[in-house]
Amino acid sequence: MASFKLFLLPGDGIGPEVMAEVEKITAFFNANGLAHFEIEKGLVGGSAYDAHGQAISNADMALADAADAVLFGAVGGPKWDGVAYDVRPEAGLLRLRKDLALFANLRPAICYPALADASSLKREIVEGLDIVIVRELTGGVYFGEPKQIIDLGNGQKRGIDTQVYDTYEIERIGRVAFDLARKRRNKVTSSEKRNVMKSGVLWNEVITALHKREFPDVTLEHQLADALGMQLVRWPKQFDVIVTDNLFGDMLSDVAAMLTGSLGMLPSASLGETNPKTRKRKALYEPVHGSAPDITGKGLANPIAMIGSFGMALRYSFGLNEAADKLEAAIAGVLDAGLRTADISNEGGAPVSTAQMGDAIVAALGRAYA
Ligand code: NAD
């Protein structure tokens with residue numbers, strides 16, 4: 001039976017609460033002989049700071065590096081608001097992304113029919129929506145040099161950020177998007193601002209050439225990033241996979257997130273380069289939400305974003321597509337049956353707790369495998 005090394009970093013706030021529900025699911029797979037997950041756990045964020053004075057220890061970084069996949073909960077909270085900048089909770093996540101060279105961020109926006117009324121858009125626009133935004137995560141204007149504020153000496157200052165992309169960075173994120181589209185509805189929409197930015201001209205040229213050379217079977221279209229923002233709220237179902245740079249991806253994926261209703265529903269994956277020898281790639285899976293200090297310890301957290309992130313690991317790190325399909329169907333099934341945590345509950349029905357939602361998903365999974 002296939003065996004996989006999974007490294008869990010629950011983190012702070014509701015992180016450990018939602019991670020506990022994922023552990024019920026790995027236990028289900030292990031107990032039923034469907035897969036074998038070897039699980040190790042570490043500390044990240046404020047909990048790592050309290051234990052080691054760092055946002056993640058070198059020993060835990062080594063375990064993350066050796067794992068087949070890292071599952072990350074959430075970090076931060078008021079307790080650590082005053083700690084030094086380089087050991088603040090978020091530094092743990094940034095180090096993981098940097099040291100594991102996770103250049104591709106995948107954020108699905110799926111609108112379950114049962115939750116279509118929780119979206120701020122009309123039901124017919126979002127019901128059944130299933131798109132993925134592939135955002136470049138390690139380059140572009142967030143990292144380009146020079147990056148500084150200079151004093152012009154005349155009472156004025158100048159803030160400078162540099163938007164910069166090399167061919168290889170655009171090609172590798174493009175490949176992730178085209179590969180993903182082949183496993184879905186076979187369409188990629190590439191987005192930049194080639195009308196006003198040189199990096200956008202190059203982005204467009206490189207994606208067009210890559211498509212022609214390696215992925216002619218996939219449908220490719222280009223949309224300017226501002227127009228795409230408008231189309232996302234006007235007619236989001238026209239998209240399948242959207243690929244874009246770090247800055248536009250940051251904004252557009254938040255817009256897409258709101259189409260689906262709640263932060264508690266949104267999973268994500270961050271992927272690195274595939275090792276040509278082992279055919280494995282570094283990968284970290286995390287919910288989009290943070291540590292939610294306002295609801296920590298109350299059993300109110302929705303575990304679906306965290307469980308959905310594990311579902312993405314089943315698909316993208318372990319190649320267990322049938323298990324991923326069954327887990328996604330189990331989530332859709334409990335929602336169809338009317339189960340709601342407080343963040344997605346409609347008036348009338350009594351919401352279930354974090355643990356009750358996790359238990360119901362495990363039970364639905366059990367029925368799917370019966
Ligand atoms: P947040 O995502 O933690 O919470 C925003 C709102 O959404 C809160 O009202 C919260 O209760 C609710 N919410 C979030 N996840 C939920 C879930 N699973 N179920 C039900 N409700 C949920 O964002 P915030 O309040 O801006 O930040 C809180 C802390 O989290 C801060 O310290 C921030 O720095 C940190 N943060 C961490 C990450 C991360 O670890 N990747 C991401 C964002 C924010």
Side-chain angles (χ1 to χ4, degrees), residues 8-22 42-50 55-56 60 64 70-98 100 102 105-107 110 112 115 118-120 135 137 142 249-251 253-254 257-258 260-270 283-312 331 334-335 339-346 351-358 360-361:
L8 308 186
L9 289 169
D12 311 318
I14 62 167
E17 299 171 37
V18 291
M19 192 67 84
E21 302 312 309
V22 167
L43 295 173
V44 69
S47 57
Y49 175 80
D50 288 347
I56 185 164
D60 279 345
V70 178
L71 277 194
F72 180 99
V75 292
K79 182 178 174 194
W80 302 283
D81 278 350
V83 306
Y85 186 77
D86 60 335
V87 291
R88 72 199 189 285
E90 292 77 10
L93 180 57
L94 295 180
R95 180 168 178 201
L96 283 157
R97 283 183 182 160
K98 182 164 175 281
L100 302 181
L102 305 173
N105 184 232
L106 275 58
R107 279 180 53 171
I110 297 171
Y112 295 94
L115 293 184
S119 169
S120 49
R135 164 188 169 195
L137 201 58
Y142 292 173
D250 195 2
M251 292 191 287
S253 60
D254 269 21
M258 278 325 293
T260 69
S262 166
L263 260 181
M265 298 292 299
L266 294 165
S268 79
S270 299
L284 180 143
Y285 299 87
E286 57 174 323
V288 168
H289 64 71
S291 58
D294 54 333
I295 58 166
T296 298
K298 297 180 180 163
L300 291 175
N302 184 344
I304 291 179
M306 186 77 246
I307 293 173
S309 302
F310 175 63
M312 292 184 81
I331 294 171
V334 300
L335 294 172
L339 256 73
R340 302 279 187 276
T341 44
D343 57 313
I344 49 172
S345 73
N346 32 24
V352 299
S353 68
T354 309
Q356 285 170 324
M357 181 58 95
I361 292 170

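Both ligands and their constituent atoms are indexed starting at 1 by order of listing. Both backbone and side-chain heavy atoms feed into the values below; hydrogens, waters and symmetry mates do not.
Contact annotation for Pro287 and ligand 1: no heavy atom of the residue comes within less than 4.0 Å of the ligand. With a 4.0 Å cut-off on non-hydrogen atoms, Met306 does not touch ligand 1 at all. Heavy atoms from both the backbone and the side chain of Val75 come within less than 4.0 Å of ligand 1. Heavy atoms of Ile14 found under 4.0 angstrom from ligand 1 belong exclusively to the side chain. For Asn302, heavy-atom contacts with ligand 1 shorter than 4.0 Å involve the backbone as well as the side chain.
In this structure the side chain of Leu115 reaches within 4.5 angstrom of the side chain of Leu335, judged on heavy atoms. Under the 4.5 Å side-chain criterion, counting only non-hydrogen atoms from C-beta, Ile295 is in contact with Ile14. No side-chain heavy atom of Leu9 sits less than 4.5 Å from a side-chain heavy atom of Leu43. Using a 4.5 Å heavy-atom cutoff, the side chains of Asp250 and Tyr142 are in contact.
Distances from atom 27 (O) of ligand 1 to the protein include no heavy-atom value under 4.0 Å. The nearest protein heavy atom to atom 24 (P) of ligand 1 is not closer than 4.0 Å.
Checked against Pro303 for a side chain to side chain contact (heavy atoms under 4.5 Å, CB included), the options Val22, Val18, Ile331 give a single hit: Val18. Between Leu93 and the choices Arg95, Arg97, Glu90, the side chain to side chain contact (heavy atoms under 4.5 Å, CB included) rule is met once, by Arg97.
The closest non-hydrogen atom to atom 31 (C) of ligand 1, taken over Gly15, Gly290, Ser291, comes from Ser291.
Inclusion of Ala74 in the set of residues having an N or O under 3.5 Å from an N or O of ligand 1 is not warranted. Between Ala292 and ligand 1, at least one N/O pair is under 3.5 Å apart. Considering backbone and side-chain atoms alike, Val18 places every N or O at 3.5 Å or more from each N or O of ligand 1.
Residue contacts with ligand 1 include Glu90, since one of its heavy atoms falls under 4.0 Å from the ligand. Residue contacts with ligand 1 do not include Ala305, since none of its heavy atoms lies under 4.0 Å from the ligand.
Under the 3.5 Å distance criterion, the side-chain polar atoms of Asp12 are matched with a main-chain donor or acceptor of Ser47.
Ion pairing between Asp254 and Arg107 holds under the 4.0 Å rule for side-chain N and carboxylate O.
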